[in-house]
Asker: 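The following block contains the structure, expressed as structure tokens.
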Amino acid sequence: MKIFSYNIKNFRQIEYMKLLPEEVKQEIEVVSKVLPFKANNYVVDYLIDWKNYETDPCYILTFPNKHMLREADYEKVKWAVEKGLPPHEVTKIANEIRLSLNPHPAQQQSNIPTLNGEPLPGVQHKYRDIALFFPTQGQTCHANCTFCFRWPQFVKDLDLQFSMKEIDQVCEYFRQHEHLHELLFTGGDPMIMSPRTISKYIETIFKADLKNLKTIRFGTKSLTWWPFVFLPQYNEEAQEMLDLFKRITDKGIHLSIMAHFNHYQEMSNSAVAEAIANIRATGAEIRTQSPLLNHINASAEVWATMWDQQVNMGMIPYYMFIERETGPYAYFQVPLAKAYEIYTDAIRVTSSLAKTVTAPSMSAAKGKAQVMGIIENPLNGEKYFQIQYIRHRDYQQTYKPFLMHYDDKATWIDQLKPVEMQIHHSDL
Ligand code: SF4
């Protein structure tokens, strides 16, 4: 099976595009000037229900529509395209809009560490025990998700990418930080790299013999967007990839594939089940995560079905995230109160092994803030969110529940007002 990619230039060649009205194709063209668009033959031919494309989660996950930009921004780009402005002028307009879309949420740039006084531009180190590595060759994806919080990684014109190739420097950084135990290969999608390229990184890590490195993770959406990465009968490099996984686990390093699934429809093809079985046969575990997304998975039924299916297929539900405030988040965001309701309605009906998931969590500037509950004061009816940091820049601040004033419209922690605790003498 050969991958065939569609982009803004050739997407009209997709056979199913004939089913869509012209204005829908124009919207894809206009929005793609600002937000990256990419699809492939597997997503187009096997995942999308084209007869119901308007509500199909895999279509909305892949093809942009005009509501993903602010109305004024959409009209500005549409005007530039219709007017036939030269490409560099359209790019200038697009870049102004991109920079207004909060390209680096949660102060990610402050997570770039230094080694011997020099920054490591392809590393983020926010939490004590784990570092993120952005290998240069892995900063693209098999297809692009419309909601993607890493969208600036794919926009060359902006020069906002985190990336580097120098894994020996990453190893040295690990050596100098004994509390680091986990290395997460991320992107983009590191599984877009050939096994030979990943192997070079892994062999350098093996040679470095880092006593404190206990876990390697690969964050990937390949099980959804291109499961053939792990299917030797369709892809001649797949066995090499599986052998590489086995070499990692044989070294005694825990290997965790952080699989991104946004909807159970992405698990419907038997190729996914086969890929999961092949990965697990190498000794690797697969943990699953997704943001909660309006128009795609904002229902308890979707999450409960997805988590139960994941367990049945041999995966471990791990995180439900709140969509980050970046890119087209206004289209996808779900208020925290609604998110908590969806989570609790879903988790109540799942099998016990699906209850491993941590949810709903915001990857905020200080750390991962989890909405633990909504509490009502029986004396005056006032409501509060109970929140805790399950990860924090300062690990000693984790697992300390605190209250924030309830706001049924708030979609992020910084929109909530803290509760001032006042103790009156009469209370003592
Ligand atoms: S696979 Fe991940 S990094 Fe790639 S576009 Fe989708 S969400 Fe973004």
Side-chain angles (χ1 to χ4, degrees), residues 3 5-8 11 28 31-32 34-40 42-44 47-48 57-65 68 98 101-106 108 122 124 132-156 158 160-163 184-193 198 217-230 256-263 265-267 272 275 286-297 306 318-329 331-333 361-363:
I3 193 162
S5 290
Y6 295 103
N7 56 37
I8 186 171
F11 80 94
I28 296 170
V31 181
S32 300
V34 179
L35 299 169
F37 161 72
K38 186 180 180 188
N40 69 35
Y42 173 73
V43 174
V44 164
L47 285 190
I48 295 172
C58 293
Y59 175 87
I60 301 170
L61 265 175
T62 317
F63 289 88
N65 67 57
M68 293 177 189
R98 287 163 176 159
L101 295 175
N102 190 22
H104 284 319
Q108 285 180 79
Q124 288 188 22
L132 278 58
F133 174 49
F134 295 75
T136 304
Q137 306 91 330
Q139 300 316 307
T140 178
C141 294
H142 293 98
N144 285 345
C145 310
T146 41
F147 71 86
C148 179
F149 77 95
R150 288 267 167 77
W151 61 273
Q153 289 294 97
F154 317 129
V155 181
K156 290 196 189 82
L158 277 185
L160 291 175
Q161 198 181 70
F162 298 103
S163 79
L184 168 64
F185 282 74
T186 187
D189 189 332
M191 288 293 119
I192 197 127
M193 295 190 285
I198 303 178
R217 304 193 204 179
F218 290 108
T220 183
K221 198 165 169 66
S222 53
L223 278 169
T224 297
W225 285 161
W226 195 249
F228 308 105
V229 171
F230 311 106
S256 187
I257 306 304
M258 314 307 294
H260 300 187
F261 288 104
N262 307 118
H263 194 281
Q265 188 171 313
E266 296 168 307
M267 295 181 276
V272 181
I286 306 172
R287 293 178 171 83
T288 63
Q289 54 194 35
S290 167
L292 174 59
L293 301 159
N294 201 8
H295 304 288
I296 289 178
N297 60 21
M306 183 161 71
Y318 186 55
Y319 267 122
M320 172 206 263
F321 290 115
I322 299 291
E323 172 68 347
R324 291 193 195 193
E325 291 179 296
T326 180
Y329 74 94
Y331 180 77
F332 291 110
Q333 68 188 355
S361 307
M362 290 164 269
S363 293

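Every number for a ligand or one of its atoms is a count from 1 in the order of the listing. We count residues from 1, following the sequence as given.
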Asker: Judged by atom type as modelled, is there a donor-acceptor pair below 3.5 Å linking the side chain of Gln333 to the main-chain atoms of Glu323?
Answerer: no
Asker: Measure the acute angle between the ring planes of Tyr331 and His295, then classify it against the limits of 30° and 60° as parallel, tilted or perpendicular.
Answerer: parallel
Asker: Tell me whether the rings of Tyr42 and Trp226 are parallel (<30°), tilted (30 to 60°) or perpendicular (>60°).
Answerer: perpendicular
Asker: Taking side-chain contact (heavy atoms from CB on, under 4.5 Å) as the definition, give me every residue that meets it alongside Thr326, ordered by chain and number, with sequence neighbours left out.
Answerer: Pro105, Phe149, Trp151, Arg324
Asker: So what's near atom 4 (Fe) of ligand 1, protein N, O or S atoms under 2.8 Å?
Answerer: Cys141 SG
Asker: Just to verify, which of Val34, Leu35, Thr146, Val31 counts as forming a side-chain contact (heavy atoms from CB on, under 4.5 Å) with Pro328?
Answerer: Leu35
Asker: Parallel, tilted or perpendicular for Phe185 and Phe218, by the 30°/60° rule?
Answerer: tilted
